Amino acid sequence: MSARHWPKAALAVACLFLTGCASSAGKAAPVPAVQAQMDALFVDGKDAAAWKRVKPAQFYAAERVVDYLNGYGEIPLSYNLELVGTALYSDDATRGTAKVDIYALQSSPDAFGLYTFERSPDAEFLLDLGPQGWFKDGSVAFWRGTCHVRIVSLAEKSDRERLVALARAIHGRITASSALPKNMHLVLTGASHSLVENSLKFFHQKVALDGIHFVSPENVLDLGKDTDGFVAPCGYKDQRWKMFLIRYPDAARAGRAFEHYRGRLTQAGYQVRAVQATAPSFVATKPEAKPVAAFVQGEFVGGVWDATTERFAEAPMKMLLKALPQPEGVAQDAKGP
Amino acid sequence: MLEKEGRSAVARREFLKRTALGTAGAVMAGELPAWGQAEAKSLVVVVKSDSAISEENPDRANLAVVEKMLERGVCELTGKSDAKAAWTTFFRPSDAVATCDAGSHLQNVPELSVAVMKGLALAGVRQMKLGSIWVAYRERSQMKERLDGWIAAVKEGLAAAKISEEVMDRELYRIPARFAVDPFDGIVLVCTLKPHYLCGVAGAVKHFATLAKKGPRVYHPDGMKTAGEVLATDFKAHRKLVVVDALRFAGTGDPHRPARDYVFQKSLVLSADPVAADAVALALFLKAGCKPSGDIPPQIHIEAADKDYHAGVSDLAKIDVRQVKV
């Protein structure tokens, strides 16, 4: 029987994250203004709740983030990363060590997106950090303004209060206002009370969606830097489903993505049934696979993945469709689950 | 979900069902060809020892036991009863051979790197190199002392075996790595299994992509589906031995810190076929209760290495799996 263990020497591996595979860290000049602002966030000593910054922070511009984070760098890049800074801290009081990573994204919604990518609904949520923060397994994170901040304890045992105190100290230095992604309210309205709290994810590109919900190795939904997407895990009694909504730059591209998706499901052996609704839509089923539903309306493609039953694919899809701005003269016929 | 439900979800159930790891099959003998030149049925050896590693000290292992496990593994792979004969089946005295470390979230135990180098010394190869990503990037580290324990343990093991520490090459594993650039005849790929945010679970196929001429980034998209391409291009001509350090798996894959939640398998997985090694190691990983990272089915890049690039065998039904207990 396998046993789980927290190794004493786990810290050893951390160095690679701190240096990364930093073949040329520092060669590429990071955005100077952003770096100067970010440097001020790496508080020290009494400004850092008595945490000591071991060394000056290191900075990695977007083009070098993979050197620091290895393959994971693809994720912040997909959220329009400008700069990531990292510093190691020590705490005399608890003899703890922590690594602070601060990500500067191009926009506040991007910072929210990266934050949602990493958050887990079973974390302890901290409402005094940014619009939101969390603590789980010796790690604290929050987003505020255009920043996503992640602090991880590298000690064998972490002290929650001390880590949160460091997070608050950094939080206090970020003054930018925060903004949620456009159209998020549509998903919240569509999911209504069925949304699993603190589980909604925001993304742009396929590399992030792959980690949230894997559709296909192929970019079936034609996602790119110019698309905005949401995945909202939902539940009602013993039923589960994931609601999704993607906004494309224009209706023509949304229409093509919808048709391509429907075609690929058919090729993959799904039975695709058209659904009577206010927009072109379908439910796709296949033995041993969870039902899928999708619609296209204007520049939006939305629907449901991973539904427990066909009914809970179709009905939530209609709920989401109903939440969208309807074209004039279209009757509202959606029913809730 | 298209691929996951159409192929991989079923495949995963089959994987687990079949992970009884049967012992049937003929012993492979003679020269092991570079993969792609074809054995009809791939052979994978799983060597287990309860005394290889202690859960109290999980980043170190018992060198003598690891050596014995590796010896038994290569003997079983080659059908030889003698370790030297087994190693020389893979690598000739005229060969230049490189090995690597696992690095990243879950480094292999230093004793395995030492045991591999001792095996290559036994084969009497003309040149051997250990390309360690920890050695390559140590100088830039803010936390040098933490890497130094592993590096010192390897050096100590090499010294005891009278192998010069010069075999530890500082440049070989700088990204983009030189494993496929420098004129090596063979590669001993050492890797671990860990949840990975781009391919679900990282093992041998993904690790070969990390060592590729162009670096790993071009293989990152789409669940790293194209990772196996390097086995059909950069590493097509190399004689390959894969040794998966499955003494412990990483139970979680937080990219922001080292693996902490270990699951002890206490095994090494060996094969000349990287794809088959990955398929078997992944089955063990899932059976042990470890979870892939995120929603990415790890079978995708392993199956693609087989079906798209013909770089090995991913179907467990077509893999001859031998279990050896030390």
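These values consider heavy atoms only, across backbone and side chains, with no hydrogens, waters or symmetry-generated copies. Bear in mind the structure is a predicted one, so any value in this text is a computation, not a measurement. In what follows, chains are A, B, ... by sequence order, proteins preceding strands, each numbered from 1.
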Exercise. Taking heavy atoms only and a threshold strictly under 4.5 Å, list by residue number the residues of residues 204-214 of chain B that touch chain A; give 'none' if the list is empty.
Key: none
Quiz item: What's the verdict on side-chain contact (heavy atoms from CB on, under 4.5 Å) for B:Lys225 and A:Glu218, showing C-alpha distance, side-chain angles and the deciding distance?
Solution: CA-CA 10 Å; B:Lys225 193 183 177 194; A:Glu218 182 194 353; over 6 Å; no
Got a second to check how far [X]'s [atom1] is from [Y]'s [atom2], nearest 0.5 Å?
X        : Y        : atom1 : atom2 : value
A:Asn70  : B:Ile133 : CG    : CD1   : 6.5 Å
B:His256 : A:Ser153 : NE2   : OG    : 14.5 Å
B:Asp261 : A:Asp137 : CG    : CG    : 8.5 Å

Quiz item: So, does B:Asp295 use its side chain to make a donor-acceptor pair with the main chain of A:Phe214 at under 3.5 Å?
Solution: yes
[X] atom [atom1], neighbour heavy-atom count above 12 within 6.0 Å:
X        : atom1 : result
A:Gln271 : CD    : no
A:Arg160 : CZ    : yes
A:Lys52  : NZ    : no

Exercise. Please examine the side chains of A:Glu74 and B:Pro221, heavy atoms only from C-beta on, and report whether any two atoms are closer than 4.5 Å.
Key: no
Quiz item: Looking at A:Arg150 and B:Asp254, does any basic side-chain N land under 4.0 Å from a carboxylate oxygen?
Solution: yes
Exercise. For A:Tyr72 and B:His196, run ring pair (Phe, Tyr, Trp, His ring centres under 6.0 Å): C-alpha distance rounded to whole Å, both residues' side-chain angles, the deciding distance at 0.1 Å, then the answer.
Key: CA-CA 9 Å; A:Tyr72 185 73; B:His196 192 272; 9.4 Å; no
Exercise. Among the options A:Ile75, A:Leu209, A:Asn219, A:Val152, pick out the one with the most heavy-atom pairs lying under 4.5 Å from chain B.
Key: A:Val152
Practice problem: Please report the C-alpha distance between B:His220 and A:Val207 in whole Å, then the side-chain angles of each, then the deciding distance to 0.1 Å, and finally whether the side-chain contact (heavy atoms from CB on, under 4.5 Å) criterion is met. | Solution: CA-CA 9 Å; B:His220 281 166; A:Val207 70; over 6 Å; no
Practice problem: Identify which part of A:Gln267 has an atom lying under 4.5 Å from any heavy atom of chain B, answering side chain, backbone, both or neither. | Solution: neither
Exercise. Name the member of B:Met224, B:Arg217, B:His301, B:Arg248 that forms the most heavy-atom pairs with chain A at distances under 4.5 Å.
Key: B:Arg217
